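All ligand and atom numbering here is 1-based and tracks the order in the structure. Numbering starts at 1 and runs along the sequence shown. The model shown is predicted, which means the values in this text are computed figures rather than measured ones.
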Amino acid sequence: DNGYVGLGERDFNNGKFNSVGGSQRNALLSEIKERHRGLLQYYTGSAWGFSLKYRKGPADRGLGLEDDTFSRTLEKIDEVHVKALNTGAGSAAAAAGCEELRSMRHFEFLGSGYTKLVLKGVLSNGTAVALKSVNPQGVDMKRCAEGFGDVEGCFRLVSYKLIKEIALLQRLQHPNVVKLQGHCYTSDPGLRVTAVLELGSPLEMIQLLQTPWEERFRVCMSLVKLLHYLASSPLGSVCLLDFQPRQFVVVDGELKLSDIDDAVAGELSCREDRDCTLQFPTRNFSSPCSADGQCRGLNEKRNLYNAFRYFFTYLLPHRAPPTLQPLLDGIMNSTGDLSSGINRTLEAFQEILHLYKSGQYLQNMSSSLLKDYVLLKGFRTKESNDYKCWPSYKQQSCLLSVHDMKEAAGICNSHSQCQGFTVDQQKTWTGRSLASFRSGFSDLIPDVNSAIYVKKGAGFRATA
Ligand SMILES: Nc1ncnc2c1ncn2[C@@H]1O[C@H](COP(=O)(O)OP(=O)(O)OP(=O)(O)O)[C@@H](O)[C@H]1O
């Protein structure tokens, strides 16, 4: 009994629900109520500044609204979500709501998945954003429509995943979670929800594998910072059930979580230790069941092991500076067997970052290296193709990050084609300089702000 059995047919034909068979309809209603109830946990807490007006009856039958017609119930459900989302953190300052979206033109397809369709749009202030809505062609919609035969009802059901995403994004604010810029929730004639998000680019693992180690380290470190936050977030410990690279986007080189509807907050309940087992294809892990019946630390473990198997394994150790390799091996081991938690893992990343930024990883770098070079002040090279090296910041030339000129000289000495280098004003995210390594200098241009290190004996000619 879902509290709605026996409602008149008119209640389902008001433009919100199609007429479908009774048992299918009731099953869909049960699912809708279930999803709706599941969302309430994300709205409670002092941050919301209001209390939910729901009367929870015995076993929460009909959400205490049994006397109302179904359409009225949906209205009340909508009222709760609209109110909760509109008073959620950051909503007052949100840049985009329904009005803003209605005036938007020219959308571009960005991506789609089982549940959502993502389009690029531009706000009136010129900011490009990602707009998420229910994917009418997605597997979620198709399965639901096949099962229940009610497209409008299914739209509502699937929308709750997006509403959950909005509610979670309001509460989980972190530099490595995409920023919610606003949302639109309309329920007349049918429920339509749009989330307005910070725009990123899809995480392309193949592309990332070809980027310099420093950038791959950055992605892994972004992930570690995110997991550190999720381990003790305002919603308690949060577990990302679906942990695939496609759940993340990249914004200015930083990894950000974008698909959060499959996250769960709070530790798993348990009766005994056996209930707290994590099963992965090649390994199992377990946590003790605490006296208050929770698998303490299990969410953190699951997230961290997934970070190891989907990210660190591919991105972290390859082509790292040799002196940092032992520390990186340490991270690979301690996350691969979960002997360290997220706190210790973050510390290990911070230590590596410090050694890298400060140049301390460059042990025994001889200062005599620069003696092989002549400093030519007041010149720069033309932006042109030159010999390639891997992994370079540019595809058609050899552009690498360096701590200082000595490191650049050492790199140049190790490349047979290299005849010298210039160091850019541009910095990488760690504050290191970008050095352009050259095989010749037939294209020099006067530039008071630049200097070139030319290998002694290398021929060069200025064009002006
Ligand atoms: N903020 C964003 N900026 C740019 N592209 C995005 C953004 N968010 C999502 N996308 C793209 O849209 C795709 C679908 O989004 P999302 O993962 O939220 O949908 P989904 O239906 O939950 O997907 P899945 O079936 O993988 O769980 C993503 O894989 C990503 O490529």
Determine whether the side chain, the backbone, both or neither of Thr115 has a heavy atom under 4.0 Å from any heavy atom of ligand 1. both
Per-atom contacts of ligand 1 with Gly111, taking only distances under 4.0 Å to non-hydrogen atoms: 12 (O), 13 (C)
Using a strict 4.0 Å cut-off to heavy atoms of Pro202, name the atoms of ligand 1 that fall inside it. 31 (O)
How close does the nearest protein non-hydrogen atom get to atom 16 (P) of ligand 1, and which residue and atom is it? Asp259 OD2, 3.7 Å
What residue and atom, counting heavy atoms only, is the protein's closest point to atom 29 (O) of ligand 1, and at what distance? Arg246 O, 3.3 Å
In the protein, which heavy atom is nearest to atom 18 (O) of ligand 1, and how far is it? Lys132 NZ, 2.6 Å
Asp292 CG: over 12 foreign heavy atoms closer than 6.0 Å: yes
If you scan protein heavy atoms around atom 2 (C) of ligand 1, the nearest is Ala130 CB, 3.6 Å
Would you say Arg102 has more than 12 foreign heavy atoms packed within less than 6.0 Å of its CZ? yes
Protein contact to atom 10 (N) of ligand 1 [nearest heavy atom, distance to 0.1 Å]: Val118 CG1, 3.9 Å
Just let me know how Lys120 lines up against ligand 1, side chain, backbone, both or neither, with a heavy-atom cut-off below 4.0 Å. neither
Checking a contact table here: which protein heavy atom is nearest atom 3 (N) of ligand 1, and how many Å away? Gly200 N, 2.9 Å
By number and element, which atoms of ligand 1 are closer than 4.0 Å to a non-hydrogen atom of Glu198? 1 (N), 2 (C)
For atom 25 (O) of ligand 1, the protein heavy atom that lies nearest, with its residue and separation: Tyr114 N, 2.7 Å
Residue Glu272 excluded, over 12 heavy atoms near CD under 6.0 Å: yes
Close approach of Asn135 to ligand 1, heavy atoms, under 4.0 angstrom: no
Tell me whether Tyr114 at atom OH has more than 12 heavy atoms from other residues, nucleotides or ligands lying less than 6.0 Å away. no
Does even one non-hydrogen atom of Gly138 get within less than 4.0 Å of ligand 1? no
For the Cys pair Cys276 and Cys270, is the SG-SG distance shorter than 2.5 Å? no
Electrostatic pair Glu152-Arg192, nearest N-O below 4.0 angstrom: yes
Taking less than 2.5 Å as the test, are the sulfur gamma atoms of Cys295 and Cys289 close enough? no
I'd like to know if the side chain of Asp386 reaches the main chain of Ser397, judged simply by a donor and an acceptor atom lying under 3.5 Å from each other, with no hydrogens or angles considered. no
Ligand 1 atoms nearer than 4.0 angstrom to some heavy atom of Ser258 are 1 (N), 7 (C), 8 (N), 9 (C)
Is the closest protein non-hydrogen atom to atom 6 (C) of ligand 1 under 4.0 Å? yes
Heavy atoms of Leu240 and Asn306 approach each other most closely as O-ND2, 4.5 Å
Flag the pair Arg344 and Glu347 as a salt bridge only when some basic side-chain nitrogen lies within less than 4.0 angstrom of an acidic carboxylate oxygen. yes
